[in-house]
Protein chains: 2
Amino acid sequence: MVLPGSILFSKMTDSVEEHPVEGRTATRRGKRERLVAAAVEMIFRQGVEATTLADIAAEAGVPLGNVYYYFKTKNDLVLAVIEAHLAEARAMFAAIDAAHAAPVDRLKALFGSLAERSDLIARYGCPHGSLCLELDKRPDGPGPAAELLREGVSWAETQFRAMGRPDARELAVQVIARYQGTALLTSTFRDASLMEAEASRVAQWIDTLD
Amino acid sequence: MVLPGSILFSKMTDSVEEHPVEGRTATRRGKRERLVAAAVEMIFRQGVEATTLADIAAEAGVPLGNVYYYFKTKNDLVLAVIEAHLAEARAMFAAIDAAHAAPVDRLKALFGSLAERSDLIARYGCPHGSLCLELDKRPDGPGPAAELLREGVSWAETQFRAMGRPDARELAVQVIARYQGTALLTSTFRDASLMEAEASRVAQWIDTLD
DNA sequence: GTCTATAGCCAGATAGAC
DNA sequence: GTCTATCTGGCTATAGAC
């Protein structure tokens, strides 16, 4: 099965409008998207604080000053990054739902795709967890970043509930926590096999619940 | 059972030497320790990047410029913070080992004490995981911070091995990953009950392995 | 050993020509 | 809409009096 490429690996296409009725709109969309894609990439690799707007602008091939035409502040750009991750995550869950009817298969498919990314996770960790943890340290809390984890928990809860589990919520929290914790150890120890081993363990565990 | 207070909650005592044979040494030790304690606290709450030396100096009641008498760079101070956490973690494991002979009880004791800290974890997360994740984003990797997780994995591995489990290493990785992942969700959602629920689940799980 | 003042740098953000 | 040049502030780190 092929899942949609994560936003992390496939840069967003600089979609040139197919019918560029108005040149300005086409250009604007392209630059904005490139900036967000560059920000997603750089923040994934370096974290929010360590990534400068100059880094992002350079990666996107946009002059620094021009960034402020699209985003009033750095934080606005970070919010756009979170939105992009959210949209990507939702697309992935939708694709899994479309490809598999049984909740058991859906849950296994999720961990299968995570295992496929184990190399990237070993290098940079899970982008959702990283964002939540870093933004959580801010005075105003994680804010919208928390949605990144909530989305996964909700989706998993739906699957467990469809399996007839009354403890669906708890199981969903557990399965996401196991993934996030494994991602942390996988990246800290730079050992992709940890995530792969966890994926197969989760698959077995899911079967015992069915 | 009472475990030694974590470095996170009990500030290091500004130990005035009981026999201050030499005034200078006593003062120096006190200031250095206060700086490390303040750094541990501020970095736990705000993260490494967001914490300035001015923050730390103010918290410790030391003039900013004086910090450089004790630490050549900010990074040196961060290393001292990691060392302090390591020492604290080792002390905690030693205390558990001393209080319980059976590995099953030792593992349960660990999660019991983590559950007791659930409120603090709900606010700021696990300091070890936070440090690993943030420093992992640096060009040179997590460096010595990885020891923080390795220490826990090694200790857990020893317990599982004493239980006669040939898969002790894998089990140790799993149990630490479960804790770290739960800590992330606990702090992101500001819900201490997640950690408490996980602690009792782990206790049950440990029993099934015995 | 201690502390004040400040140097030097680099980030986010803005002004304004084009 | 685009881009260069620059302002402003805050941070790490140092100089040097005491």
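Numbers restart at 1 for each chain; the letters A, B, ... are given by sequence-line order, proteins then strands. The figures here come from the full heavy-atom set of this structure, side chains too, leaving out hydrogens, waters and symmetry mates.
Between A:Tyr69 and D:dT2 there is no side-chain N or O to OP1 or OP2 distance below 4.0 Å. Contact between the side-chain N/O atoms of B:Tyr68 and the OP1/OP2 oxygens of D:dA13 is found at a separation under 4.0 Å.
Between B:Asn66 atom CG and D:dC18 atom P the separation is 17 Å, expressed in whole Å. Rounding to whole angstrom units, NZ of residue A:Lys72 and P of C:dG12 are separated by 18 Å. Taking atom CD of A:Glu49 as the reference point, atom P of C:dC10 lies 18 Å away to the nearest angstrom. Between the CG atom of A:Leu53 and the P atom of D:dT8 there is a distance of 19 Å, rounded to whole Å. In this structure, the OH atom of B:Tyr70 is 11 Å from the C1' atom of C:dC3, given to the nearest Å. Separating the NZ atom of B:Lys74 from the P atom of D:dT12 is a distance of 5 Å, rounded to the nearest angstrom. Atoms CD1 (B:Ile56) and P (D:dC11) sit 12 Å apart, rounded to a whole Å. In this structure, A:Leu77 places its CG atom 10 Å from P of C:dA13, rounding to the nearest Å.
Each of A:Gly65 and A:Thr52 lies near DNA chain C, and the nucleotide nearest A:Thr52 is the one positioned closer to the 5' end.
Looking at the side chain of B:Leu64, the nearest of the listed nucleotides C:dA13, D:dT2, D:dT12 is D:dT12. Picking from C:dT2, D:dT12, D:dT4 the nucleotide with the shortest atom distance to the side chain of A:Pro63 gives D:dT4. Distance from the side chain of A:Lys31 is smallest for D:dC3 among the nucleotides D:dT12, D:dC3, C:dT2.
Between A:Phe93 and A:Trp155, the two ring planes are parallel [angle under 30°; tilted spans 30° to 60°].
Checking side-chain atoms of A:Lys74 against main-chain N and O of A:Val48 turns up a donor-acceptor pair under 3.5 Å. With hydrogens and angles disregarded, a donor-acceptor distance shorter than 3.5 Å links the side chain of A:Arg190 to the backbone of A:Ser187.
With contacts defined as side-chain heavy-atom distances shorter than 4.5 Å, the pair B:Arg169/B:Val153 qualifies.
For the atom pair A:Glu151 CD and A:Leu149 CG, the distance stands at 10.5 Å (nearest 0.5 Å).
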